[in-house]
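A quick write-up on the structure given underneath.
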Amino acid sequence: MYIKDIFAQRKPVISFEIFPPKKDGSIEAIYSTLDGLKDLKPDYISVTYGAGGSTKDRTLEIASLIKHKYGVEALAHLTCITSTKEEIGTMLSQLAENDIHNVLTLRGDLPQEADFEFPNPLHYNYACDLVKEVKNRGGFSIGAACYPEVHPECDDMQKDLDHLKAKVEAGADFLITQLFFDNELFYDFLDKTKAMGINLPVTVGVMPALNKNQIHRMTSLTGASVPPKLARMMDKYEHSPEALKEAGIAFATEQIIDLLSWGVDGIHLYTMNRPEVTREITMNISTIRDYLTRN
Ligand SMILES: Cc1cc2nc3c(=O)[nH]c(=O)nc-3n(C[C@H](O)[C@H](O)[C@H](O)COP(=O)(O)OP(=O)(O)OC[C@H]3O[C@@H](n4cnc5c(N)ncnc54)[C@H](O)[C@@H]3O)c2cc1C
């Protein structure tokens with residue numbers, strides 16, 4: 001099923017994100033992750049695409065597993081910056097052959113030491129170019145990324161929003177946000193997108209804070225701000241993984257309840273391949289989810 005049709009049918013749409021095991025790691029590990037997620041009834045599960053396409057075969061294999069073995073709709077992430085147009089064409093054909101018809105079209109991060117020129121006529125240089133290509137091919141529901149706190153390479157919110165609008169006009173069907181911890185910033189961002197006529201479903205990427213170093217890595221990479229309440233919590237419990245897990249689950253639950261009360265289209269939980277955490281958060285909002293789905 002196309003994910004754009006899932007958004008048309010129900011609200012909120014609840015989805016999960018997993019990542020493939022490293023190249024030399026066993027694929028078996030992903031079975032226990034998926035075993036732990038499937039009965040939480042996600043509307044779809046997405047699989048990331050390792051930086052520079054490092055996991056592309058695994059992304060395809062796992063997306064296929066999600067759809068055909070677990071019976072859950074799959075969303076394959078796809079980044080274009082380090083691949084030629086021809087390689088991207090092959091990947092899209094393989095996705096279609098495996099009956100995967102939902103793709104998150106991304107540029108990917110620019111590699112530190114690229115062995116190619118940027119921009120490059122042999123590559124799709126921005127996600128917008130990839131969206132156009134996927135739209136022209138047909139047969140896919142197209143997701144794209146958006147950045148409530150501005151993409152770190154862009155020095156101006158309005159410019160970043162113009163680039164987002166270009167992706168929407170090129171054919172994106174739905175948007176997934178970069179992680180953030182301050183909902184008010186997201187509500188301001190949505191006001192701006194709506195004022196520009198961007199009316200696609202927007203689903204919110206939520207990452208539970210379970211490890212202070214990991215959150216610091218992510219926030220320095222993405223530019224997401226850390227509210228004082230979250231910083232306090234991580235400082236207080238950083239030396240007790242179990243205490244921080246409990247607090248991180250509570251923080252994510254509270255963040256999601258506020259987003260759902262506001263009326264967001266969907267929640268996309270970064271599972272970090274820890275199904276027990278995703279389970280607790282999903283169970284914490286199960287009555288709210290049922291209520292909102294019925295009303
Ligand atoms: C939900 C989500 C999932 C992700 N999954 C993955 C993943 O699986 N694998 C992975 O490697 N990375 C992933 N990323 C990270 C993503 O690849 C990076 O954030 C990347 O740097 C930008 O990708 P994009 O698709 O947003 O790029 P774009 O939309 O192309 O934007 C990139 C930058 O270029 C600017 N820009 C856009 N168009 C133009 C233009 N025409 N001229 C000048 N500047 C322009 C934008 O303002 C922005 O600063 C994900 C990000 C999100 C939010």
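Quick note: numbers below take in every heavy atom, side chains included, and nothing from hydrogens, waters or symmetry partners. Numbers for residues simply follow the sequence, beginning at 1. All of these numbers come straight from a predicted model, not from anything done at the bench. For ligands, and for the atoms within them, numbers begin at 1 and follow the listed sequence.
Residues Ser15 and His268 have side chains that bring a donor and an acceptor to within less than 3.5 angstrom of each other. Asn98 and Gln94 share no side-chain donor-acceptor pair at under 3.5 Å. Between the side chains of Thr278 and Thr282, no donor N or O sits under 3.5 Å from an acceptor N or O.
Ring geometry for His101 versus Phe140: interplanar angle of 30 to 60°, hence tilted.
Remark: Asp235 engages Lys212 in a salt bridge, criterion side-chain N to carboxylate O under 4.0 Å.
Ring centroid separation for the pair Phe181 and Phe186 does not come in under the 6.0 Å cut-off.
Closer than 4.0 angstrom to ligand 1 by heavy atom are Thr48, Tyr49, Ala51, His77, Thr79, Leu104, Leu106, Arg107, Gly108, Asp109, Tyr126, Ala127, Ala145, Tyr147, His151, Glu153, Cys154, Asp160, His163, Lys167, Ile176, Thr177, Gln178, Tyr270, sorted by chain and number.
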